[in-house]
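What you see below is based on every heavy atom in this structure, not just the backbone, and it leaves out hydrogens, waters and symmetry mates.
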Amino acid sequence: MSSSSSLLQQQAVLDMLRSLISSSSSRGTSYVEARYQARSFSEVNFANGRLERVRMVESAGCGIRVLVDGCWGFSSTASMSKGDLKESLVQAVSMARVLGRSKKNKVKGLAESKMAKGTFVAKAKGDLAGIDIEQKVRVAREAEVAARKHAKVIKTASAAYRDILDHKVIANSAGAEVEIFDSKPEFNVTAVARDGAQSVTANEGIGITGGWDDLFKKSHLEYAQTAAEKAAKLHQAKYATGEKTTIILDPGMVGLLCHEAVGHTVEADFVLSGSVVKDRLGQKVASDLVTLVDSGRSDIAENAAGTIGVDDEGVEAGRTAIIEKGVLKSFLHNRESAFAFGTASTGNARAFTYSDEPLIRMRNTYIEPRGDTLDEMVKETRHGYLVKGARNGQADANGEFMFGAQEAHLIENGEIKELMRGASISGNAFDVLQSIDMVGSKFEYDIGTGYCGKYQPAKVDGGGPHVRCTAIIGGMQ
């Protein structure tokens with residue numbers, strides 16, 4: 001934790017926030033929240049035999065948000081003195097009043113929510129605070145060397161380690177009083193195979209909520225070997241042929257579909273802006289086999305990267321079934337959008353740092369497993385592809401998407417044939433969900449190394465079992 005955090009007793013921070021909230025009543029606020037956050041961030045990056053980056057950054061401060069006459073005001077300060085906190089509160093109130101003079105669409109209310117109280121600590125084996133920077137440098141260096149020396153065709157490689165340690169104290173005028181200790185490490189290895197002008201890149205990594213031992217249940221050298229093996233094999237592979245066909249998606253591709261192509265369309269602020277699902281609550285939008293969930297808990301598998309105990313409005317971040325057995329059941333809400341829709345907050349208000357305002361954000365988004373096996377899916381496929389290794393992609397408010405994949409394995413007459421490279425899949429997310437006819441039994445989270453970038457970063461995760469569906473596959477040269 002930061003030096004500011006070490007100087008402040010935990011109870012003293014909460015007392016300061018309580019006092020601040022109490023003083024706000026005389027300033028015409030209908031709601032006020034204060035979020036203290038101390039963050040320790042470390043990063044190591046080795047590339048091509050050189051230490052490219054090593055840094056440790058510590059920060060601390062308090063974000064204050066108020067609701068005055070139907071308008072939000074927000075201010076933040078790196079100082080935790082009583083005088084500076086009060087000045088920040090005054091600034092937030094002033095901003096809300098200035099906005100109120102011209103804003104037409106004002107906040108009509110905040111949904112009644114059960115406010116969390118107590119302490120929430122991320123489950124972690126191997127305290128990251130006890131791991132010195134030399135050890136983090138060592139695993140990155142050894143992994144980079146192992147990947148680069150795996151085969152002659154591997155020309156360049158890199159390995160990156162990052163972690164975020166957060167200590168938060170949240171209090172608000174609705175009654176929330178919580179303390180949160182979070183721990184999110186990640187590790188990633190990239191290998192590039194090249195022969196002349198032809199090159200191919202492969203990645204292997206992990207991002208979690210947990211500790212050092214949770215992150216490295218599998219050795220850092222295994223990640224390096226897997227990345228290098230993928231790159232070497234893909235270098236010899238042909239490009240996939242474009243067609244609409246049967247696709248078996250691995251857990252990473254399922255997670256990317258759930259997050260990018262479905263999850264963003266059901267965030268209530270996007271729904272209010274006119275996303276494709278705006279008027280479809282209670283309607284069938286997917287196969288009966290599909291139950292699609294966003295959860296703040298690692299309840300279906302341990303250590304998911306998007307796990308949070310409480311959101312930044314003080315609401316417990318539980319499980320929300322977005323789609324249940326094919327039917328659209330819920331959007332994702334903060335307290336403001338929940339009031340607009342006449343429902344309860346789903347605990348999806350998140351801010352990346354104390355100087356950010358909370359936004360509606362996903363946590364861990366996934367399809368629940370069912371009873372099929374991957375072998376059964378392959379055997380029952382006459383022609384199609386097994387697609388693995390999610391890369392970045394794009395999706396819009398209508399659910400149209402295109403995602404890159406590291407690997408595509410051709411399937412013919414129930415057997416996996418040759419490996420293809422440079423594949424992409426595309427289509428409309430809800431058409432793809434409607435086409436799902438088999439859902440696997442083995443679950444995995446697999447997009448935890450990434451960050452969601454909706455105006456500010458957020459650690460998220462996504463996954464599922466393997467699923468069989470219909471989509472368009474194409475080659476990316």
query: Between Phe216 and Phe187, does a ring-ring contact (aromatic ring centres under 6.0 Å, His included) hold up when you go through it step by step?
result: CA-CA 9 Å; Phe216 291 115; Phe187 181 72; 5.3 Å; yes
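- For Phe443 and Tyr366, the distance between ring centers is under 6.0 angstrom.
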- request: Walk me through it: do Arg138 and Glu142 pass the test salt bridge (charged side-chain N to carboxylate O under 4.0 Å, His left out)?
  value: CA-CA 6 Å; Arg138 178 184 63 80; Glu142 291 178 354; 3.1 Å; yes
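- A donor atom on one side chain and an acceptor atom on the other are found under 3.5 Å apart for Ser298 and Thr307.
- Side chain of Asp461 to main chain of Gly306: no donor-acceptor pair is present (N/O by atom type, distance under 3.5 Å, no hydrogens or angles).
- A donor and an acceptor atom, one from each side chain of Lys184 and Thr209, are located under 3.5 Å apart.
- No donor-acceptor contact under 3.5 angstrom links the side chains of Arg468 and Thr246, judged on distance only.
- Counting heavy atoms from C-beta outward, Asn364 and Val460 have side chains that stay 4.5 Å or more apart.
- A donor-acceptor contact under 3.5 angstrom links the side chains of Asp294 and Thr365, judged on distance only.
- More than 12 non-hydrogen atoms from other residues, nucleotides or ligands lie less than 6.0 angstrom from CG of Asp132.
- Within the 4.5 Å cutoff, the side chain of Asp166 has no heavy atoms near those of the Ile180 side chain.
- The closest side-chain heavy-atom distance from Leu374 to Leu386 is below 4.5 Å.
- Checked against salt bridge (charged side-chain N to carboxylate O under 4.0 Å, His left out), Asp288 has the following partners two or more places apart in sequence or in another chain: Lys284.
- The shortest distance between side-chain heavy atoms of Thr245 and Ile473 falls below 4.5 Å.
- The closest side-chain donor-acceptor pair between Ser355 and Ser76, if any, does not fall under 3.5 angstrom.
- Looking at heavy atoms from C-beta onward, Val387 lies out of side-chain contact with Asp250 at the 4.5 angstrom threshold.
- Under 3.5 Å, the side chains of Asn45 and Glu52 contain no donor-acceptor pair of N or O atoms.
- Counting only N and O atoms by type, the side chains of Asn188 and Thr449 include no donor and acceptor under 3.5 Å apart.
- With hydrogens and angles ignored, the 3.5 Å screen pairs no side-chain donor or acceptor of Asp431 with any backbone N or O of Asn428.
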task: Could you walk me through whether Arg350 and Arg363 pass side chain to side chain contact (heavy atoms under 4.5 Å, CB included), step by step?
output: CA-CA 9 Å; Arg350 300 182 64 188; Arg363 295 125 355 148; 4.1 Å; yes
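- Scanning all heavy atoms of the two residues, the minimum distance from Lys278 to Gly274 falls at CD-CA, 4.0 Å.
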query: Stepwise, does the side chain to side chain contact (heavy atoms under 4.5 Å, CB included) test hold for Thr156 with Arg148?
result: CA-CA 6 Å; Thr156 60; Arg148 187 162 36 89; 5.9 Å; no
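- Distance CG/Leu257 to SG/Cys469: 7.5 Å, rounded to 0.5 Å.
- Partners of Lys217 under the salt bridge (charged side-chain N to carboxylate O under 4.0 Å, His left out) rule, at least two apart in sequence or in another chain, are Glu302.
- Listed by chain and number, the residues in a salt bridge (charged side-chain N to carboxylate O under 4.0 Å, His left out) with Lys168 are Asp312 (sequence neighbours excluded).
- Side-chain atoms of His220 and Gln225 include no donor-acceptor pair closer than 3.5 Å.
- For residues 136-166, the set of pairs meeting the ring-ring contact (aromatic ring centres under 6.0 Å, His included) definition, not counting sequence neighbours, comprises Tyr161-Trp212.
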field: Evaluation steps, salt bridge (charged side-chain N to carboxylate O under 4.0 Å, His left out), between Glu186 and Lys459
entry: CA-CA 11 Å; Glu186 60 186 86; Lys459 284 301 295 183; 3.1 Å; yes
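- Applying the side-chain hydrogen bond (donor to acceptor under 3.5 Å, both in side chains) criterion to His466, with sequence neighbours excluded, gives no partner residue.
- Looking at Thr373, its side chain does come within 3.5 Å of a backbone N or O of Glu376 through a donor-acceptor pair.
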field: Derivation and outcome, side chain to side chain contact (heavy atoms under 4.5 Å, CB included), residues Phe403 and Glu260
entry: CA-CA 9 Å; Phe403 302 143; Glu260 293 288 355; 3.7 Å; yes
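- Looking only at side-chain heavy atoms (C-beta outward), Val276 and Asp396 stay at 4.5 Å or farther from each other.
- Contact check for Ile322 versus Thr291: no side-chain heavy atoms found under the 4.5 Å cut-off.
- Qualifying ring pair (Phe, Tyr, Trp, His ring centres under 6.0 Å) partners for Tyr354, counting only residues two or more places apart in sequence or in other chains: none.
- Side chains of Thr77 and Ser79: a donor-acceptor N/O pair is absent below 3.5 angstrom, by distance only.
- In this structure the side chain of Gln394 never reaches within 4.5 angstrom of the side chain of Phe401, judged on heavy atoms.
- Listed by first and then second residue, the salt bridge (charged side-chain N to carboxylate O under 4.0 Å, His left out) pairs involving residues 442-456 are Glu267-Lys454, Asp269-Lys454 (not counting sequence neighbours).
- Under the side chain to side chain contact (heavy atoms under 4.5 Å, CB included) criterion, Lys218 pairs with Glu204, Glu222, Tyr223, not counting sequence neighbours.
- Listed by chain and residue number, Arg53, Arg55, Arg162 satisfy the salt bridge (charged side-chain N to carboxylate O under 4.0 Å, His left out) test with Glu43 (two or more places apart in sequence, or in another chain).
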- prompt: What's the verdict on side chain to side chain contact (heavy atoms under 4.5 Å, CB included) for Asn348 and Asp311, showing C-alpha distance, side-chain angles and the deciding distance?
  reply: CA-CA 6 Å; Asn348 283 86; Asp311 80 355; 5.7 Å; no
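- Using a distance-only test at 3.5 Å, with no hydrogens or angles considered, no donor-acceptor pair links the side chain of Ser337 to the main chain of His333.
- Note on ring orientation: taking the six-membered ring where Trp is involved, the planes of Phe352 and Tyr451 are perpendicular (angle over 60°, cut-offs 30° and 60°).
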message: One pair to check against side chain to side chain donor-acceptor pair (under 3.5 Å): Thr265 and Ser275. What are the steps and the verdict?
response: CA-CA 6 Å; Thr265 70; Ser275 87; 5.0 Å; no
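- Applying the side-chain hydrogen bond (donor to acceptor under 3.5 Å, both in side chains) test to Glu33 and every residue at least two apart in sequence or in another chain returns Tyr31, Arg65.
- Remark: Arg35 engages no residue in a side-chain hydrogen bond (donor to acceptor under 3.5 Å, both in side chains) (not counting sequence neighbours).
- Remark: the Ser42 side chain and the Lys136 side chain contain an N/O donor-acceptor pair separated by less than 3.5 Å.
- The ring-ring contact (aromatic ring centres under 6.0 Å, His included) contacts involving residues 37-56 comprise nothing, where partners must be two or more places apart or lie in separate chains.
- A side-chain contact (heavy atoms from CB on, under 4.5 Å) with Gln406 is found for exactly one of Lys388, Lys230, Met253, namely Lys230.
- Counting only distance, with no hydrogens or angles, the side chain of Lys155 and the backbone of Lys152 share a donor-acceptor pair below 3.5 Å.
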